[in-house]
Every structure is written in structure tokens, then in C-alpha cells.
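Here the structure comes first, spelled out in C-alpha cells, and everything after it is commentary.
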Protein chains: 2
Amino acid sequence: MDLIRTQGRRITRQRRLVLETLRDSQEHLDAYALFERVKVRDSKISLATVYRSLALLKESGLVQENRLGEDHGHFEATQATPHYHFTCLGCGCVIEFEAPQVMEVVATLCSGQALQVTGVNLHLSGYCADCHAPGQDGGCG
Amino acid sequence: MDLIRTQGRRITRQRRLVLETLRDSQEHLDAYALFERVKVRDSKISLATVYRSLALLKESGLVQENRLGEDHGHFEATQATPHYHFTCLGCGCVIEFEAPQVMEVVATLCSGQALQVTGVNLHLSGYCADCHAPGQDGGCG
DNA sequence: AGTTTTATTGCGAATAATACTCATTATCAA
DNA sequence: TTGATAATGAGTATTATTCGCAATAAAACT
């Protein structure tokens with residue numbers, strides 16, 4: 001969190017609170033849900049501050065935003081090992097999975113095309129084991 | 001396009017136009033840019049119809065929506081071989097790349113967790129060869 | 001070809017997510 | 001402790017996308 005304090009930026013109670021709340025909850029909260037949780041501990045905090053804190057924390061790499069097929073972002077504290085998401089179009093459940101091959105793809109691209117990759121977002125959608133696709137009986141693709 | 005005509009759905013001039021325009025342009029158009037292009041051929045078409053057509057074409061798999069780091073979607077006609085996107089945070093350019101390993105990851109997940117994957121979205125962000133990251137001199141990650 | 005049924009359109013208004021404004025407050029350096 | 005200024009809170013603005021509804025047009029049926 002200290003690396004925020006570059007370029008004259010300040011560590012505030014609100015920013016600490018946003019990050020802590022995100023770390024405590026192992027879910028994929030959207031901005032409003034996070035706002036409601038944070039408000040329990042700081043009833044005066046505003047939604048705008050939550051958005052601003054998230055933007056800052058994202059910039060510093062402490063937080064990541066995922067687009068899970070909805071029209072708004074979901075946020076989570078950055079973890080040690082990268083992971084990715086699958087969203088069920090039936091029940092809406094989100095399944096996390098690891099896939100080291102993804103970072104290999106990234107590494108190949110980095111060297112091959114001289115790209116510097118700072119963000120990797122893999123999102124799968126489909127139907128989970130409990131939900132069957134309409135008119136199909138399982139399978140892949 | 002004929003598979004739209006299920007469930008009493010109709011193939012309309014506007015829908016055909018939206019799909020054709022998207023196929024003709026090899027860029028990643030957002031809804032409004034697409035609207036402007038389509039309007040050249042049908043000056044009466046409305047933005048709402050473009051959105052509705054896109055939603056329908058997405059459902060049928062003829063069109064795909066990509067979130068390229070901005071707060072709105074970009075659309076492209078579905079192609080034979082899947083590809084993915086890298087967005088430069090410096091200049092905003094978008095680089096497409098293929099990566100067969102991604103579909104292998106998907107296949108593994110499908111069999112391992114009994115998931116049925118219908119959509120795969122991999123989006124990388126970072127800095128292209130022309131844009132250097134602030135305070136770093138290249139590298140990966 | 002003409003008629004009927006009803007999905008689709010065009011328009012403007014509505015909604016939802018996120019960003020901005022600005023007076024006030026709080027963080028940090030000296 | 002104090003001063004400079006970054007950040008906040010509250011409300012408003014903006015932007016992307018969807019909705020409601022009367023008018024239109026695609027497909028089915030003569």
C-alpha cells in the first residue's frame with residue numbers, strides 16, 4: 001500500500017478501508033456492493049470515493065477489475081497467483097480457475113512482439129454442470 | 001444468418017445491414033461508430049436498432065463483443081479462427097493475436113469440471129513497442 | 001397479389017454505471 | 001503545529017445502453 005505514496009498521493013482512511021474490505025471478502029464485489037460493505041465501517045463514505053479509491057488501487061496494481069459479462073465491473077484484491085473466471089449464463093455463478101498456460105502465451109507475445117503486458121484478463125462464459133445449454137446436451141464450445 | 005429465423009425471428013434489412021457493415025470493416029467498431037457507418041446506407045436507421053441487432057447477432061454467435069478496457073463495447077463479426085486482443089495503455093492501439101493454447105485451456109476445463117464454454121475472451125493490456133511504460137524500460141509482467 | 005399477424009422499427013424518454021464540480025476536510029512535510 | 005494541497009462528500013453531469021409505444025414491415029396464409 002505504501003507505493004501509493006508516490007507522486008504526492010496520500011494514504012487515507014477511506015482508501016485503506018476499501019482495500020481491506022476487498023481483501024476480507026473473497027467474492028467479486030461490484031462498486032455498489034463494496035460501497036455498502038465499507039459503509040458499515042464508515043457510514044459517511046461516499047460512492048464517489050469508492051470509485052476513486054478503486055481507480056487508484058487498480059493503477060497501483062493492488063486491485064483488479066473484472067468484467068464478468070455484466071454491464072459493470074467487479075473488483076478483487078490482487079492475489080499472489082493469477083487466476084481467471086468462468087461465468088455461467090444460466091445461474092450466474094462465477095468459477096475461478098488457474099491456468100499457467102495463459103502466462104506462457106503472454107510471455108511468448110512479450111518477446112515476440114516487444115509488448116509489455118501489465119494486465120491479463122481471461123473470461124469464459126457458458127453453462128456450469130448444473131445448468132444445461134438450451135437445446136444441447138453438454139460438450140465444449 | 002438464416003439461423004436467426006428461429007423462434008419466429010425475422011431477418012430484416014437493418015439486421016442484414018449491421019452484419020454486413022461489421023464484416024466489411026476489419027476494425028473494432030463500437031456501437032456508435034457502427035451506427036454512423038450503417039447510416040450511410042440507411043439514413044433512417046436508429047441507434048436503438050443497432051444495439052438491438054447487435055444483441056441478436058451476438059446471441060446467434062455471428063457477432064462478438066469485446067471489452068477493450070474502455071467503458072463501452074466493441075464489436076466484430078465472428079471469424080473462423082478465434083483471436084484475442086491486446087490494448088496499449090499508451091497510444092490506445094489494439095493488436096490482435098492468435099493463441100491456440102487458450103482453447104486447450106478451455107478444453108481441459110470443459111472435461112475436468114463439466115463446463116460447457118460458449119464464449120472465450122482474453123484481453124491483455126500494457127504498452128506496445130512504441131510506447132514505454134512510465135518508469136520502466138521494457139520487460140514483461 | 002392481397003390480407004393478416006405480430007415481430008421489429010424509430011423516436012424520445014428512462015436507466016444505470018461511472019465521472020466531475022466545488023466547497024470543506026484531512027494528510028503529510030517542514 | 002501549521003501550511004500547502006490532495007482527497008472527500010454530496011450532488012450533478014455524462015455516457016452507454018435499454019425501454020415504451022405507436023407506426024411499419026416481414027412472413028404466413030389465402
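Small disclaimer: the values here were computed from a predicted structure and weren't measured. Letters go in sequence order (proteins before strands), and every chain restarts at 1. When reading the values below, keep in mind they use all heavy atoms of this one structure, side chains included, and skip hydrogens, waters and symmetry mates.
Remark: the B/Gln14 side chain and the B/Asp42 side chain contain no N/O donor-acceptor pair separated by less than 3.5 Å.
Among the heavy atoms of the strands lying under 4.0 Å from A/Arg52 is at least one base atom, whether or not backbone atoms are also near. B/Arg16 comes within 4.0 angstrom of nothing in the nucleic acid, heavy atoms only.
Think of the region where chain B sits on DNA chain C: with heavy atoms and a 4.0 Å cut, that region ends 5' and 3' at C/dT6 to C/dC11. Nucleotides of DNA chain D with any atom under 4.0 Å from a heavy atom of chain B span, from 5' to 3', D/dA16 to D/dA27.
Mapping B/Gly8 and B/Asp71 onto DNA chain C by nearest heavy atom places B/Gly8 closer to the 5' end of the strand. Checking B/Ala31 against B/Arg5, the closest nucleotide of DNA chain D that is more toward the 5' end is the one next to B/Ala31. Between B/Ile11 and B/His72, the one whose closest nucleotide on DNA chain D sits nearer the 5' end is B/His72.
A donor-acceptor contact shorter than 3.5 Å is absent between the side chain of A/Asn66 and the backbone of A/Leu68. With hydrogens and angles disregarded, a donor-acceptor distance shorter than 3.5 Å links the side chain of B/Thr78 to the backbone of B/Gly61. With A/Arg15 contributing its side chain and A/Met1 its backbone, the two residues share no donor-acceptor pair below 3.5 Å.
Proximity of B/Leu54 to B/Leu34: side-chain heavy atoms (C-beta onward) are separated by under 4.5 Å at one or more points.
Checked against a 6.0 Å centroid threshold, the rings of B/His85 and B/His28 count as neighbours.
Salt-bridge formation is not detected for the pair A/Arg13/A/Glu20: no Lys NZ or Arg NE/NH1/NH2 atom is positioned less than 4.0 Å from an Asp or Glu carboxylate oxygen.
Classified by interplanar angle (parallel below 30°, tilted 30° to 60°, perpendicular above 60°), the ring pair A/Phe97/A/Tyr84 is tilted.
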